[in-house]
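Proteins come first, then strands; the chains are lettered A, B, ... in the order of their sequence lines, and each starts at number 1.
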There are 2 protein chains.
Amino acid sequence: MWFVYTETPTSGTTAPVRASERAYRQLRGEILDGILPAGTGLLEIEQSARIGVSRTPLRAAIARLIADGLVAGRPGRGFMVTEMSMDSIRELYEVRRALEEHAARIAADRRDPAVFLALRDQFLAAPELLAQGETGLHRYYDLIDEFDDAVDEAVDNPFLVGALATVRTHLARIRRLARGNPARLRAAAAEHLLIIDAIIAGDTSLAAHATHVHLQQSLANVLAAIQGQPTGPVA
Amino acid sequence: MWFVYTETPTSGTTAPVRASERAYRQLRGEILDGILPAGTGLLEIEQSARIGVSRTPLRAAIARLIADGLVAGRPGRGFMVTEMSMDSIRELYEVRRALEEHAARIAADRRDPAVFLALRDQFLAAPELLAQGETGLHRYYDLIDEFDDAVDEAVDNPFLVGALATVRTHLARIRRLARGNPARLRAAAAEHLLIIDAIIAGDTSLAAHATHVHLQQSLANVLAAIQGQPTGPVA
DNA sequence: TGAAGCTCCTATGTATACATAGAATGCTCG
DNA sequence: CGAGCATTCTATGTATACATAGGAGCTTCA
């Protein structure tokens, strides 16, 4: 089968995306969005037919998902989307604390104040954003991503950034659980403001402690949200 | 080509190792041992012929090495073994500090004293071990591995253990540099004893601080060793 | 002589055919 | 009727053929 441009190149960049890349992004997105719930079996033939690529690139995609920790290979019976138990979430936050506290400390030391001053203004407007329903929520999450990116850039350490990326991948699966809690999101925005202020001030210790507090609150909220949902294993 | 048992199954377990697994282990070992120095280009055809597997499993092996951070894919021109600059080493130790301090803290909290008491005895005998030349050195490194395993088991957190494994992978490439320094190895053994004592005592704070000191000393030694070798990029 | 264009070539990306291991299932025997 | 076993089937692991992109080198023109 030859290369076919299925999508109209309306948006400028028409990079010839490799099939393995497409398969990876689609599967990853579907796992993170819960479309493929935890425990779902991933059959090579079935998935390759569904996505529209052959088995070879699909295999490469699954290999990357395994490296990400989103998929696990069972001994003889194919692959499955990994589970996320409450214990797993606690364990994840344990690592997240270690990495993000350290990152906040370093960011406060090496930051470009202008970047975080701009972020500060945006987070000040977050409460109004959160009052705008679904679209505002989406923009709020984009804002969080911008904050993460700013920290990554300030940290300027590929190893640390990579470790944080791994944590954030799993976090994205959990994030959906807190969606229905606007009060928590407003509180989280305020906590982010504290961290940003500490980073702007160059106060490494305060940045780390504010991060610690934020993560503790975040974890408590997530665990409480799961307790409220008697659906058993977290999707 | 059918399956051929190249090696005599003298050792009991004759698990039918997959070709991709063999290729991965061999390449990984050769990179860690410096047989494949940083910057070496890895051509699929060439390497698959050398190792004796086809391109498909070799590709899977390289994908895993990329996930490990040992190999990087260049845009159009194949793959190469990643470089390890002095800056990279500093960055690696920055993450290592965050993770191992946290791990030491947790290990001190959740440890099984008996395990670390046994390790303590072995580390007490380390100086004599280090006087036995090459074989003693080898056994000393095995002892470090046992210590790491004990910490991993005490921590009991797959995410943290995984992050530590990534760091240790890169560390293995660096470790070769400190080989010729027995004085440093004896000092390192003493530092490990301090950490072990703190873990046995359940002193989380001391365990973290002792780890911090140990890593600071280790980094200083590694950087000094590189300065002494005018060979430029670290293999 | 230098730079630009073209051509060829190499190495990767993809598709597919084939072998095999492990599990589910049904059969048979006690 | 239950347990053990053979069979079959399915999904992965591997090998290989083919298309293509990107670069190196050569040629040609100004």
**Q** Taking atom P of C:dA11 as reference, at what distance in whole Å does atom CZ of B:Arg50 sit?
**A** 16 Å

**Q** Report the residue (B:Leu43 or A:Val53) whose heavy-atom-nearest nucleotide on DNA chain C is the more 5′ of the two.
**A** B:Leu43

**Q** In this structure, how many angstroms lie between the P atom of C:dG13 and the CG atom of A:Leu58, rounded?
**A** 16 Å

**Q** Just N and O in the side chain of B:Thr56: are any of them under 4.0 Å from OP1 or OP2 of D:dT14?
**A**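 No, outside the criterion.
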
**Q** Could I get the full list of ring pair (Phe, Tyr, Trp, His ring centres under 6.0 Å) partners for A:His214, not counting sequence neighbours?
**A** A:His192

**Q** Side chain of A:Arg18 only, heavy atoms from C-beta on: which candidate in C:dG13, C:dA15, D:dA15 is closest?
**A**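 Looking only at side-chain atoms, A:Arg18 lies closest to C:dG13.
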
**Q** Whole-Å distance between D:dT14 C1' and B:Tyr24 OH?
**A**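 Interatomic distance, OH of B:Tyr24 to C1' of D:dT14: 20 Å.
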
**Q** For A:Ile62 and D:dT12, what is the distance between atoms CD1 and P respectively, to the nearest whole Å?
**A** 7 Å

**Q** Report yes or no: do B:Thr82 and B:Arg173 form a side-chain donor-acceptor pair below 3.5 Å?
**A** yes

**Q** If only side-chain N and O atoms of A:Arg59 are considered, is one of them under 4.0 Å from the OP1 or OP2 phosphate oxygen of D:dG13?
**A** yes

**Q** If you look only at distance, which donor and acceptor atoms sit under 3.5 Å apart when one is on a side chain in residues 60-73 of chain B and the other is two or more places apart or in another chain?
**A**
residue	atom	partner	partner atom	Å
B:Arg64	NH1	B:Glu21	OE1	2.9
B:Asp68	OD2	B:Tyr24	OH	2.5

**Q** Looking at every strand, decide which applies to B:Leu42 at a 4.0 Å heavy-atom threshold: base, sugar-phosphate, or nothing.
**A**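 The residue B:Leu42 makes sugar-phosphate contact but no base contact.
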
**Q** Could you verify whether a donor N or O on one side chain and an acceptor N or O on the other, from B:Ser88 and B:Ser85, lie under 3.5 Å apart?
**A** yes

**Q** Report the distance from atom CD1 of B:Ile45 to atom C1' of D:dC18, rounded to the nearest whole Å.
**A** 13 Å

**Q** In this structure, how many angstroms lie between the P atom of D:dA15 and the CD1 atom of B:Ile51, rounded?
**A** 12 Å

**Q** Taking the minimum atom-to-atom distance to the side chain of B:Glu44, which one of D:dG13, C:dG13, C:dA15 wins?
**A**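 Ranking D:dG13, C:dG13, C:dA15 by closest atom to the B:Glu44 side chain puts C:dG13 first.
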
**Q** Provide, to the nearest angstrom, the distance between the CZ atom belonging to A:Arg55 and the P atom belonging to C:dA17.
**A** 12 Å

